[in-house]
Amino acid sequence: MPEGPSIVILKEEVKPFIGKKIIKVDGNSKQDIQRLQGETIIDFKSWGKHFLICFKDFTVKIHFMLFGSYKINEQKDRPPRLRLIFDKGEMNFYACSVKILEDNLDEIYDWTSDVMNDLWNPKAAKEKLKHIPDTLVCDALLDQNIFTGVGNITKNEVLFRTKIHPENKIGNIPQKKLNELIKEARNYSFNFLEWKKQYVLRKHWLAHTKTICPTCNSPMTKKHLGKTNRRSFYCKNCQVLY
Ligand SMILES: [Zn+2]
């Protein structure tokens, strides 16, 4: 599943299509995608893992879910959910959810919760965390209403870098460490973006999929944790359980 930074990369990749008119639409989406024919793309936006194609009166939301993918100016060997064809070039989206949004995006999305957005507001994140003292930090980091765009890799790396054990309840983590966690969620996301662009993301993983702790050489623990039940990789020696 792509994390927020991967969608930011997609957004940069499709920039040349801004201002371009769609001449043909294809795909097996059940939404009224033919409505897009003849429309001109005015912008691309993202909110975490949502990719948004903006038109004058409506927006197409693409959510890649678990197995979604895309190809720009090339095709995969299977039917697309949505294919947009332009005078020059095309965009293809596969195995994703496609939805047409009629409302103003500012009414639908809280841009301040997106860790990669210029409007990201760490204080608002802190305030939201205050309301969930019993939630495990591994679940809180994946909460898309608090840390929009953070996925499982980012979760594991942020907890390792801040030396916070994934099974800590939010209410037990010292304020200073919580501030560090919030700061690192954004910081690591930008590292992720740069490394992914250079195809060196995996090389920089300190915790995710690792078996030996790079700091103390102890074996790493791998466990499915929390309500989200996602894979956690952590070092019991370095990461503190408060
Ligand atoms: Zn360690």
Side-chain angles (χ1 to χ4, degrees), residues 1-76 78-121 124-125 128 142-151 186 189-190 192-193 196-197:
M1 175 168 58
E3 305 201 10
S6 304
I7 305 298
V8 172
I9 291 171
L10 165 59
K11 212 166 60 177
E12 290 175 6
E13 216 180 319
V14 295
K15 249 187 191 159
F17 292 101
I18 296 178
K20 298 291 188 298
K21 193 172 163 183
I22 296 167
I23 54 168
K24 192 168 182 284
V25 182
D26 214 340
N28 58 20
S29 165
K30 300 229 163 36
Q31 295 273 305
D32 180 20
I33 53 174
Q34 288 309 325
R35 183 175 165 189
L36 277 63
Q37 192 181 327
E39 294 285 344
T40 298
I41 293 178
I42 58 169
D43 204 2
F44 295 103
K45 291 180 193 272
S46 63
W47 184 79
K49 301 164 196 173
H50 295 193
F51 175 61
L52 303 163
I53 308 173
C54 309
F55 299 93
K56 191 169 153 280
D57 299 315
F58 62 97
T59 304
V60 172
K61 174 180 97 180
I62 309 266
H63 193 314
F64 291 96
M65 321 297 285
L66 280 180
F67 304 108
S69 61
Y70 66 87
K71 284 274 179 200
I72 308 301
N73 297 329
E74 51 182 334
Q75 299 183 358
K76 280 190 176 181
R78 56 184 164 122
R81 185 80 77 234
L82 177 65
R83 170 174 294 149
L84 303 178
I85 300 170
F86 302 82
D87 240 351
K88 271 187 195 149
E90 63 181 59
M91 279 188 236
N92 293 287
F93 301 97
Y94 303 90
C96 56
S97 136
V98 175
K99 268 202 172 130
I100 295 179
L101 309 174
E102 308 287 348
D103 292 334
N104 185 324
L105 291 182
D106 291 341
E107 282 162 28
I108 302 173
Y109 292 111
D110 174 8
W111 307 107
T112 70
S113 70
D114 185 330
V115 295
M116 302 213 67
N117 200 294
D118 291 342
L119 299 172
W120 160 248
N121 181 351
K128 288 175 199 164
L142 292 173
D143 186 331
Q144 296 302 297
N145 290 312
I146 306 176
F147 296 103
T148 310
V150 168
R186 176 170 167 92
S189 296
F190 281 96
F192 185 127
L193 174 67
K196 176 117 188 167
K197 277 192 205 164

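Keep in mind that the numbers below use all heavy atoms, side chains included, and drop hydrogens, waters and symmetry copies. What you see is a predicted model; the values in this text were computed from it and never measured. The residues of the chain are indexed from 1 along the displayed sequence.
Atom CD1 in I42 sits 9.0 Å away from atom CZ in F55 (nearest 0.5 Å). Note that CG of D32 and CD of Q34 are 7.5 Å apart. Values are rounded to the nearest 0.5 Å. A distance of 11.0 Å separates CD1 of I53 from CG of L101, quoted to the nearest 0.5 Å. How far CD1 of I22 is from CG of L36: 4.5 Å, rounded to the nearest 0.5 Å. From H63, atom NE2 reaches atom CD1 of I7 across 8.5 Å, with rounding to the nearest 0.5 Å. Atom CZ of R81 and atom CZ of R78 lie 9.0 Å apart (nearest 0.5 Å).
A heavy-atom distance below 4.5 Å is found between the side chains of L10 and I72. A heavy-atom distance below 4.5 Å is not found between the side chains of V60 and L52. For the pair V25 and I85, the minimum side-chain heavy-atom distance is 4.5 Å or more. The closest side-chain heavy-atom distance from K71 to F93 is not below 4.5 Å. Between F17 and T40 the shortest side-chain heavy-atom distance does not fall below 4.5 Å.
The stretch residues 83-104 participates, sequence neighbours left out, in these side-chain hydrogen bond (donor to acceptor under 3.5 Å, both in side chains) pairs: R35-E102, Q75-R83, Q75-E90, R83-N92, E90-N92. Residue pairs meeting the side-chain hydrogen bond (donor to acceptor under 3.5 Å, both in side chains) criterion with at least one partner in residues 6-27, sequence neighbours excluded, are K11-S46, E12-K197, E13-Y70.
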side-chain contact (heavy atoms from CB on, under 4.5 Å) evaluation trace for M91 with V14
CA-CA 8 Å; M91 279 188 236; V14 295; 4.0 Å; yes
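When every heavy atom of P5 is checked against every heavy atom of S189, the shortest pair comes out as CG-O, 3.4 Å. The shortest heavy-atom contact between F64 and I62 is CZ-CG2, 3.8 Å. In plain terms, the two heavy atoms of K196 and I9 that are nearest each other are CG-CD1, 3.3 Å.
By the ring-ring contact (aromatic ring centres under 6.0 Å, His included) test, F190 is found to be paired with no residue, residues two or more places apart in sequence or in another chain being considered. With sequence neighbours excluded, no residue forms a side-chain hydrogen bond (donor to acceptor under 3.5 Å, both in side chains) with N73. Residues satisfying the side-chain contact (heavy atoms from CB on, under 4.5 Å) criterion with D43, sequence neighbours excluded, are I18, K45, C54.
With R186 contributing its side chain and N117 its backbone, the two residues share a donor-acceptor pair below 3.5 Å. Under the 3.5 Å distance criterion, the side-chain polar atoms of E3 are left unmatched by any main-chain donor or acceptor of V150. Of the possible donor and acceptor atoms, one in the side chain of N121 sits under 3.5 Å from a partner among the backbone N and O of A124.
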Distance-only donor-acceptor pairs under 3.5 Å for side chains of residues 107-116, two or more places apart:
residue, atom, partner, partner atom, Å
Y109, OH, H50, ND1, 2.9
D110, OD1, T112, N, 3.0
D110, OD1, T112, OG1, 2.6
D110, OD2, T112, OG1, 3.4
W111, NE1, D106, OD1, 2.8
S113, OG, D110, O, 3.0
S113, OG, T148, OG1, 2.7
D114, OD1, M116, N, 2.9
D114, OD2, G48, N, 2.8

